[in-house]
Amino acid sequence: MATIVQKFGGTSVGDTDKIKRVAQGIKQRMDEGHKVVTVVSAMGKSTDKLVELADEITEDPDPREMDMLLTTGEQVTISLVVMALKEIGVDAVSLTGWQAGIVTEEVYQDARITDIQTETLDQHLNEGKAVLVAGFQGVSEEGNITTLGRGGSDTTAVALAAALDAESCSIYTDVTGVYTSDPRYVKNARQLSSISYDEMLELAYLGAGVLHPRAVEFAKNYNVKLVVRSSMENVEGTIVEEEASMEQNLTVRGLAFDDNITKVTVERLPNHYDTMSNLFKLLSEEGINIDIIIQQMTSDHGINVSFTIDSSKLGKTMDLIHANRETLCYSEVHHESSLSKVSIVGSGMISNPGVAADMFKVLAEEEVAIKMVSTSEIAVSSVVPEKDMIRASEALHSFFGLDAQEQEKIELAKQA
Ligand code: ASP
Ligand code: MG
């Protein structure tokens, strides 16, 4: 009997009718002869509501207590799904992260899974029960409850699939699969039938919200067959796998964007071996994530350093840099907010020079200012003003042949 893991996101378990529907789906998979482990998120927007409650009490909630609070959302869902299963005659059991043996590092709000002890899970599965596991949570070796970062239920599901050697891991969500770009914003976005782990990983890191980046990392490392599909419509989803079939010979396979970016520039730092290390150690110690970094020599042999952060970290970043003015020894610090990052991704870029040049040409034609650029083997990102983000994305989406109509043209040409 093959084990399958499936995960339902917040909207898919948003009310009790949807929960009953999920229970029906689980029953069906079990009737087909599978051992079924189901991971669920908190109902609807309930995690956001819990965050708001904490905000009403303090500006700076204790991280341990925050995780204690946020993990309650998923617990509501697992128990309700099990009740719904019992109503339709299916034996089932709900497990919190720690009951399911999910061990993490002792980091709050963004813990990594270090081990999964599957004895309890195996036992319930062997007894023929449907197992419901609370997503997004685990327990540290020290016995504290942790969470895996917002959106982390995907990671719970993929990690369980790896640990249980499951046949597949299906992520049921409110979209029908992975798209070339976010269809809510880019109107010609089109669903992909498959995508490689590396491309999906880049897209997830660069802002595509459909999968948690760590989930994709896990899937790649443990070769878990990942399927993203709709919980409402019975249509084919997108398969994330090692070698995605090249359904079309496109260099660029997807486009992601991310807003709320601020660029900080520190001017005329001393040109010493330890300048960069001092500056970025300071920021990392305070948990400030840096994305793009650019360093430049000034004409008087100092160095200017620009880097991007999430705009929510601006206050903390500026305070830190100001407070360390003497040790860092810079002349000035300034910032530019309301920026965004638009990225194009595709494995075909490795062997195709000129993709960045094409991207810049499209942005130039659209008269979009490029503030910073970063590249990897299979991605190019441009930082542009937030107000131009969607317009730039649509222009790039269509230039690189990702638009739905373009695809139809290619298909027709092939048939002719
Ligand atoms: N409920 C958590 C969140 O909203 C985890 C998840 O849904 O994956 O971020
Ligand atoms: Mg999600």
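When a ligand or atom number is given, it counts from 1 through the structure's own listing order.
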Flag S41 as yes when one of its N or O atoms lies below 3.5 Å from any N or O atom of ligand 1, and as no otherwise.
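Yes, there is a polar N/O contact under 3.5 Å.
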Taking distance alone, with no angle check, do T47 and ligand 1 share an N/O pair under 3.5 Å?
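The answer is yes, given that T47 and ligand 1 share an N or O pair closer than 3.5 Å.
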Hey, is G152 one of the residues with a heavy atom under 4.0 angstrom from ligand 1?
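The answer is yes, since G152 has a heavy atom less than 4.0 Å from ligand 1.
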Out of curiosity, is G151 lining ligand 1, as in a heavy atom under 4.0 Å away?
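A heavy atom of G151 does come that close to ligand 1.
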Residue pair [X] / [Y], side-chain heavy-atom distance below 4.5 Å:
| X | Y | answer |
| --- | --- | --- |
| V266 | N304 | no |
| V107 | R112 | no |
| V240 | E199 | no |

K341 and side-chain hydrogen bond (donor to acceptor under 3.5 Å, both in side chains): which partner among D291, D259, T308?
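The residue from D291, D259, T308 that satisfies side-chain hydrogen bond (donor to acceptor under 3.5 Å, both in side chains) with K341 turns out to be D291.
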With heavy atoms of S153 as the reference, note each atom of ligand 1 found under 4.0 Å away.
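Those qualifying, in numeric order: 5 (C), 6 (C), 7 (O), 8 (O).
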Atoms of ligand 1 less than 4.0 Å from R150 heavy atoms?
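Those atoms are 3 (C), 4 (O), 9 (O).
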Tell me whether Q137 contacts the main-chain N or O of G97 through its side chain, where contact means a donor paired with an acceptor under 3.5 Å.
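Indeed, once roles are kept as given, a pair shorter than 3.5 Å links the two residues.
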Is the contact between E74 and ligand 1 made by the side chain, the backbone, both, or neither, using heavy atoms and a 4.0 Å cut-off?
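For E74, the contact with ligand 1 is made by the side chain alone.
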Derivation and outcome, salt bridge (Lys or Arg N to Asp or Glu O under 4.0 Å), residues D182 and R184:
CA-CA 5 Å; D182 190 331; R184 289 171 302 175; 2.8 Å; yes
